[in-house]
Amino acid sequence: MSASQLKTLQELSQIFSQGKANPKQIQQLSALLAEINLYDEEEQTAKSTKVSFIAAPRFG
């Protein structure tokens, strides 16, 4: 999560906790969470593709 995403999330969290969220802010939060989740999935995929495999020894 980037610094700007974290700041936006904190601002929206405060608005929601006060019960003052409007439809535009609900949509903004939904888009932000989708963006964060997508980034997290891409990061996990990148990490899993970096795994090195060592071939088993061949006997015979």
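Computed from a predicted model, the values in this text were never measured in an experiment.
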Discussion item. Measuring from atom OG1 of Thr8 to atom CD of Gln25, what distance do you get when rounded to the nearest 0.5 angstrom?
Written reply: 11.5 Å
Worksheet item: Between CD of Glu11 and CG of Leu32, what distance do you get to the nearest 0.5 Å?
Response: 10.5 Å
Worksheet item: Is there a donor-acceptor contact under 3.5 Å from the side chain of Ser30 to the main chain of Ile26?
Response: no
Discussion item. Check whether Gln18 reaches the backbone of Ile15 with its side chain - one donor and one acceptor, N or O, closer than 3.5 Å.
Written reply: no
Item to complete: Can you establish whether the number of heavy atoms outside Gln27 located under 6.0 Å from its atom CD is more than 12?
Response: no
Worksheet item: Gln5 side chain to Ser2 main-chain N or O, any donor-acceptor pair under 3.5 Å?
Response: yes
Practice prompt. Measure the spacing between CD of Gln14 and CG of Leu9 and express it to the nearest 0.5 Å.
Written response: 12.0 Å
